[in-house]
There are 2 protein chains.
Amino acid sequence: MSIRAIERAMNVLQELNLQPINTIAQLHARTKLPKPTLVRILRTLEEAGYVENDTRQGGYHVSALVTSLSSGFHKDPLVVEAGRAWAIAITRKHKWPVAIALPDYDGMIIRFSTVPDSLISPFHSTVNRRLCMLTRGMGLAYLAFLDVEDRDVIIGILQKSEDPENALSHHRDELLRLLKQVRENGYATRSSVVEPRNSNTIAVPILAKSGRVLASLGLTYFKSAFDSEQDARERYVPILKSAAIAISEDLSRLSSSMAIDVNSTELLPAF
Amino acid sequence: MSIRAIERAMNVLQELNLQPINTIAQLHARTKLPKPTLVRILRTLEEAGYVENDTRQGGYHVSALVTSLSSGFHKDPLVVEAGRAWAIAITRKHKWPVAIALPDYDGMIIRFSTVPDSLISPFHSTVNRRLCMLTRGMGLAYLAFLDVEDRDVIIGILQKSEDPENALSHHRDELLRLLKQVRENGYATRSSVVEPRNSNTIAVPILAKSGRVLASLGLTYFKSAFDSEQDARERYVPILKSAAIAISEDLSRLSSSMAIDVNSTELLPAF
DNA sequence: CTCCGCTGTTTCGCGGGCCGAAATGGCACC
DNA sequence: GGTGCCATTTCGGCCCGCGAAACAGCGGAG
């Protein structure tokens with residue numbers, strides 16, 4: 001009962017957001033649409049200004065105008081707003097993509113990702129993607145720092161799950177040992193039994209000043225870029241930890257409603 | 001040669017982003033599309049999850065999923081990334097919408113706006129909107145702090161413009177007097193001869209540590225909410241000034257590539 | 001050079017999907 | 001009950017999007 005052409009166009013636009021550059025063949029494979037249809041849809045989006053056909057690179061990519069399709073929506077939690085600039089700064093300096101994930105019932109949802117900023121990264125932009133709590137670095141980094149009561153509620157929920165990625169919830173001792181270690185280390189990594197195997201994620205919790213865990217901050221890299229896992233951890237764990245602390249500080253300043261800043265006006269230069 | 005249904009849907013989606021809630025009648029008036037067509041497009045977008053039909057409020061609005069249409073794009077300048085959290089914090093506390101604008105040739109372009117966050121605001125989300133340099137608060141706040149050389153280049157360009165909003169460029173003395181006053185005050189406001197008359201904007205420059213002006217930060221309010229213009233200025237100018245300084249500090253920390261933070265790891269708590 | 005396999009793009013005639021005037025149903029106010 | 005105005009549904013016609021097929025433009029292999 002709805003308009004097929006529009007559904008297709010929206011799917012194409014979503015797909016275009018998943019990669020920096022998209023060939024017709026890739027889009028054809030992912031959307032199952034006939035190529036002439038894709039060309040027509042892409043031309044339409046291009047004439048409307050949402051898409052650019054980069055002939056040098058041989059493919060299409062979204063343009064700046066796509067932001068106008070969502071500019072009316074930003075109800076991101078403040079922790080995402082506070083964290084996004086830090087995430088971008090890390091990616092600029094260290095190249096690998098960084099993401100911020102928030103808890104959602106029995107998993108984590110990625111709310112911000114610098115994948116598009118990361119030139120070397122062939123990863124898909126993973127905004128709005130759901131991550132399992134027990135096998136993903138960003139899930140573990142959150143769960144491990146949750147207070148015991150809330151944590152046990154979530155583990156209870158996970159035990160009812162059929163998802164094999166939640167299997168660890170049935171081995172409580174093993175799970176608690178893992179969480180304890182995450183807490184001691186101050187970071188978590190993705191389980192090695194889970195896809196994709198050629199990359200890994202290091203994640204740290206973002207804590208409120210009160211100590212409550214709000215979100216997690218994760219960096220993803222290709223294993224092949226480092227001699228060992230240990231190398232990557234030694235390099236990025238301190239960076240992520242200090243960024244998490246900086247986000248936490250920004251956050252408390254922001255939510256304190258700028259009372260201090262307003263009072264200190266007399267200290268300001270004359271502008 | 002392009003697909004009409006898609007063009008229409010994209011226009012509707014853009015319009016939906018301009019107001020928190022949109023009735024069919026409003027959309028009909030703005031897009032000139034027949035109402036049955038609108039209903040069909042909206043149902044399509046709703047089934048795809050981009051739009052919600054809020055029957056209580058009697059209208060449609062974009063949903064969280066629209067972010068997936070632009071999640072692959074964030075090449076915002078760092079100053080926008082650094083400033084957005086502060087803009088949101090101001091709007092949360094003081095309700096009025098706040099925007100960040102960047103220079104673009106002979107005008108300013110709004111790159112971020114908290115209009116959607118501002119419940120009281122019936123203003124349109126103005127992201128990507130162009131503002132005149134000489135009549136708008138955000139333009140003057142930028143231009144006044146530009147170094148003399150660059151400033152004169154822009155004034156030269158403006159003098160060639162036919163736009164009546166750029167008329168002041170032909171009265172150099174008057175213009176320079178205005179800019180001098182903006183510099184002394186540390187803020188600018190929108191010219192009173194320009195639409196919309198029922199609101200006003202107070203804007204301050206965002207300066208790099210080097211002193212170079214990067215962008216402007218503006219707050220818009222209804223005149224009727226205050227006894228006088230002076231009341232509004234006394235209240236919001238200090239807030240905007242301190243926020244601009246905070247953004248500037250965040251920015252220099254972010255672009256210093258976090259070298260300091262990384263080295264201070266030993267000071268961190270154990271997480 | 002020619003063939004091949006792979007791209008992205010254009011052609012074109014068929015058919016069904018989108019279109020919108022008109023009708024319907026719903027709600028608020030007089 | 002009447003009168004607007006609203007969102008939504010109906011339905012027949014016509015147009016417009018559809019996609020198989022053909023075309024064109026590579027680069028590499030034979």
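Every chain is numbered from 1, with letters handed out A, B, ... down the list of sequences.
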query: Do A/Thr44 and B/Met10 touch side chain to side chain, with heavy atoms closer than 4.5 Å?
result: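 Heavy-atom side-chain distance check fails, nothing below 4.5 Å.
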task: Taking the side chain as every heavy atom from C-beta outward, state whether A/Phe112 and A/Ile88 have any pair of such atoms under 4.5 Å apart.
output: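 Side chain of A/Phe112 against side chain of A/Ile88, heavy atoms only: contact under 4.5 Å found.
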- prompt: Counting only heavy atoms not in A/Arg233, do more than 12 sit closer than 6.0 Å to its CZ atom?
  reply: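 Atom CZ in A/Arg233 is packed in, count exceeds 12.
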CZ (B/Arg30) with more than 12 external heavy atoms under 6.0 Å: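 It does: B/Arg30 CZ has more than 12 such atoms within range.
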message: Using heavy-atom distances to pick each residue's nearest nucleotide on DNA chain C, tell me which of A/Ala25 and A/Ile6 is more 5'.
response: A/Ala25
- line: Of A/Arg4 and A/Thr23, the one whose nearest nucleotide on DNA chain C sits closer to the 5' end is A/Thr23
query: What distance do B/Leu38 atom CG and B/Tyr60 atom OH have between them, rounded to the nearest 0.5 Å?
result: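 Spacing of CG (B/Leu38) from OH (B/Tyr60) equals 9.0 Å.
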Nearest-Å distance, [atom1] ([X]) to [atom2] ([N])?
| X | N | atom1 | atom2 | answer |
| --- | --- | --- | --- | --- |
| B/Leu38 | D/dT9 | CG | P | 14 Å |
| A/Ile24 | C/dT10 | CD1 | P | 10 Å |
| B/Arg8 | D/dC16 | CZ | C1' | 11 Å |
| A/Gln26 | C/dT7 | CD | P | 10 Å |
| A/Asn22 | C/dT7 | CG | P | 15 Å |
| A/Leu33 | D/dG17 | CG | C1' | 13 Å |
| B/Lys32 | C/dC19 | NZ | P | 19 Å |
| B/Ile41 | C/dC18 | CD1 | P | 11 Å |

- prompt: Distance only, no hydrogens: is a donor on one side chain within 3.5 Å (strictly under) of an acceptor on the other, for A/Thr31 and A/Glu15?
  reply: no
- request: List the steps, then state whether side chain to side chain contact (heavy atoms under 4.5 Å, CB included) holds for B/Val115 with B/Thr220.
  value: CA-CA 10 Å; B/Val115 162; B/Thr220 300; over 6 Å; no
- request: Would you indicate, yes or no, if D/dT8 has its OP1 or OP2 atom less than 4.0 angstrom from a side-chain nitrogen or oxygen of B/Asn53?
  value: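 Looking at the OP1 and OP2 atoms of D/dT8, one of them is under 4.0 Å from a side-chain N or O of B/Asn53.
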Which nucleotide in the list [options] gets nearest to the side chain of [X]?
| X | options | value |
| --- | --- | --- |
| A/Ile3 | D/dG19, C/dT9, C/dC18 | C/dC18 |
| B/Thr37 | D/dA7, C/dT9, C/dG20 | C/dG20 |
| B/Lys35 | C/dT7, D/dC18, D/dT8 | D/dT8 |

- line: side-chain contact (heavy atoms from CB on, under 4.5 Å) with B/Arg111: of B/Val127, B/Asn128, B/Asp104, only one passes, and it is B/Asn128
- request: Look at the aromatic rings of B/Phe226 and B/Tyr221 and report parallel, tilted or perpendicular, splitting at 30° and 60°.
  value: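 Rings of B/Phe226 and B/Tyr221: perpendicular, over 60°.
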message: Protein within reach of the bases, or only the backbone? For nucleotides 24-30 of chain C, mark each nucleotide 5' to 3' as B, S or -, using heavy atoms under 4.0 Å.
response: -------
Pairs: protein N or O with nucleotides 20-26 of chain D N or O, under 3.5 Å:
none

